[in-house]
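What follows is one structure encoded as structure tokens, with my remarks underneath.
All values below come from the heavy atoms of this structure, side chains included, with hydrogens, waters and symmetry mates left out.
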Amino acid sequence: MKWKLTRRFLGSVVTIVVIVGIVNIIILVCLLLYHFKTQEESVETFSRDFSQFIKLQDGNPIVNEEGLKILEKKKAWIQILNGKGEQVSSYYTPESLQAAYTPAEIVQMYKYREIDAETTVFVGEAHDFSYFVGVKDRGIGRYVFSYNYVHIIKYLNIILLLFLTVDIMIALVIGFLFGKKLTSPLHILIEGIQQLRERRFKKMVIPKGVYEDVFHNMNELSVKLDEFEKERAQLDRMREEWISNVSHDMKTPLASIHGYAELMKDGAANLTPQELFEYTAIINRQAIYMKDLLDDLNLTMRLRNQQLPLQFQEVDLVGFIRELMIEFLNDSPYADRQIELEANVNKALHPVDKKLLKRAILNFIYNALVHNEEDVVVTIHIDALHPSLDHEKKSSIMATSQGFHTSITIADNGHGIPAKDVAQVFERYYRGTNTSNTHGTGLGMAIARDIILAHHGKIELSSIENKGTTITILL
């Protein structure tokens, strides 16, 4: 993978450099040819077209006033020759210029000879007379050379091949260095992804450059996955503990049912009616416990997957909770326990599922009583949070609970919950570590939390060891 990325990058760079090089050569050659052609044609054309300024006077050629001005402007001179190569007239010519030429000297003058280092000579014709035009300009030159097409093409091919080879070598070197710098972070990213796949979560050093944000995101992903992995491991451990507890809880009633059923089967003739009644009562009680356990499992799964339809009806929460307390305190095991109700509103109407909400609130009260000493005091506080009820007392939670209308607080002054366990209280597989009471299925708090959420409410728990626990329900 590492070299694959590098090869792709180098191939792209080399292709671009080669194409650019070829295009640049073509453009350069075209520009040079155009430049030389236009330069040559401009002076050559001027020399040949100068014949329009040459007139005949008494059979002798002369340059008119316009032509003289042009010659003076261009720093040029003219020498007019007859058919024998003899000078018949001249203007602005240097003193060293000869006055007669042989045909060979005329050709030599045009092709190769220059009067001085600054003057280039051009030839023209007018009225059967020939003339030389000398232009004094260092920027103008004329070069004559001979060539062989075959040799030129051969040398051009060699030069082009050399040029391309050098360009490719340069592109390879630059591309390799640049590609290495560009792809090195990618190799680190690939290794980081492999580590994530192998469940090894560690942060990578963040390099400066275009990949900086990518590395930041990778590190954040690594942290999140590490947290999820720890939560998953903790959840698996809690589930295993819960399964072990549930298995134990199932075995105990099953053992009782099996034992008393065997006893009744083997000694039915010798058992008194009183003994039969006691044995059947035990079997019935254990069967009910197992049924409750299975019902709790089914309920928590349906609540968690939002597959339980709720039967909503308008209920006054103040009266509803007061009735729950009376019913709870009328139960003989809790008749002498201390439960107090404080309501800052006379009525708080909400659409709720009475059966499910009753179960959730009773579960919170039951946990506060069962997991603490008998002298524990449980206080239930009902308060209004609706913004329009200005004359009523506002809870301190109101600022963070806009949209909720009523708060129900269930507080106790008992043992409290260890800080390390607070976050797990509402998990389905949690049982408290600071209590020896293992009665129940371990699903009560999870079911109660899911019931509140199913009512589109919010639940918060705070606890301090040896001071007590507070559960706040917002509806």
Report task. Kindly determine whether K458 and E460 satisfy side-chain contact (heavy atoms from CB on, under 4.5 Å), including the steps that lead there. Result -> CA-CA 7 Å; K458 182 177 179 182; E460 298 175 350; 3.2 Å; yes
Report task. Evaluate the side-chain contact (heavy atoms from CB on, under 4.5 Å) criterion for residues H405 and L474: first the C-alpha distance (whole Å), next the side-chain angles of each, then the deciding distance (0.1 Å), finally the verdict. Result -> CA-CA 7 Å; H405 293 188; L474 304 175; over 6 Å; no
Query raised in the report: Is there a side-chain contact (heavy atoms from CB on, under 4.5 Å) between T119 and D137 once you walk through the steps?
Result: CA-CA 6 Å; T119 304; D137 190 343; over 6 Å; no
**Report entry** Audit row: F364, I459, side-chain contact (heavy atoms from CB on, under 4.5 Å) steps and yes/no
**Finding:** CA-CA 12 Å; F364 296 140; I459 186 168; 3.3 Å; yes
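Ionic pairing of E465 and K467 is not present here: no N-O contact between side-chain nitrogen and carboxylate oxygen is shorter than 4.0 angstrom. A salt bridge does not link E227 to K230: none of the charged side-chain nitrogens sits closer than 4.0 Å to a carboxylate oxygen.
At least one side-chain heavy atom of I365 sits under 4.5 Å from a side-chain heavy atom of I339. Proximity of E340 to H381: side-chain heavy atoms (C-beta onward) are nowhere separated by under 4.5 Å. Using a 4.5 Å heavy-atom threshold, the side chains of V376 and Q338 count as separate. Residues L263 and E275 form no side-chain contact, since every pair of their non-hydrogen atoms from C-beta on lies 4.5 Å or further apart. At least one side-chain heavy atom of M290 sits under 4.5 Å from a side-chain heavy atom of L254. Side-chain contact check for T409 versus T470: some heavy-atom pair is nearer than 4.5 Å. When side chains are defined from C-beta on, L221 counts as touching L225, because their heavy atoms get closer than 4.5 Å. Under the 4.5 Å side-chain criterion, counting only non-hydrogen atoms from C-beta, I193 is in contact with M218.
Contact detail for N372 and A368: the closest heavy-atom pair is ND2-O, 2.6 Å. The minimum heavy-atom distance between A348 and T406, with the atom names listed, is CB-OG1, 3.9 Å. Residue L475 comes nearest to G457 through the heavy atom pair CD2-CA, 4.2 Å, listed as atom of the first residue, atom of the second, then distance. Residue A261 comes nearest to I283 through the heavy atom pair N-CD1, 4.0 Å, listed as atom of the first residue, atom of the second, then distance. Closest approach of A448 to N363, counting heavy atoms only: CB-OD1, 4.2 Å. Nearest heavy atoms, A287 versus I257: N-CD1, 3.8 Å.
Side-chain N or O atoms of N413 include none that pairs as donor or acceptor with a backbone N or O of G468 at under 3.5 Å. Within the 3.5 Å criterion, the main-chain N or O of L329 finds no donor-acceptor partner in the side chain of R337. In terms of modelled atom types and a separation under 3.5 Å, the side chain of D421 and the main chain of I417 share no donor-acceptor contact. Side chain of N330 to backbone of I326: a donor-acceptor contact under 3.5 angstrom is found. Side-chain atoms of D383 never come within 3.5 Å of backbone atoms of N344 as a donor-acceptor pair (strictly under, hydrogens ignored).
Stacking of K354 on the aromatic ring of F320 is not recorded, the 6.0 Å distance cut-off and the 45° axial limit not both being met.
Atom-to-atom distance recorded for T472:OG1 and I452:CD1 is 11.5 Å, nearest 0.5 angstrom. For the atom pair E229 CD and D236 CG, the distance stands at 8.5 Å (nearest 0.5 Å). For the atom pair CD1 of I382 and CD1 of I408, the computed distance is 6.0 Å after rounding to the nearest 0.5 Å. Note that CZ of R449 and CD1 of I471 are 12.0 Å apart. Values are rounded to the nearest 0.5 Å. To the nearest 0.5 Å, atom CD1 of residue I321 and atom CD1 of residue I410 are 7.0 Å apart. Within the model, atoms CG of L317 and CZ of R322 stand 12.0 Å from one another, a figure rounded to the nearest 0.5 Å.
Results of the side chain to side chain contact (heavy atoms under 4.5 Å, CB included) test with M325 over V378, L362, L341 single out L341 as the only residue that passes.
Heavy-atom contacts from other residues, nucleotides or ligands closer than 6.0 Å to CD of E374 number 12 or fewer. In F328, the CZ atom is crowded: over 12 heavy atoms of neighbouring residues, nucleotides or ligands sit closer than 6.0 Å.
Taking the six-membered ring where tryptophan is involved, the planes of F312 and H455 are perpendicular, since the angle between them exceeds 60° and thus also 30°.
Neither side chain, D316 nor H350, offers a donor N or O lying under 3.5 Å from an acceptor on the other.
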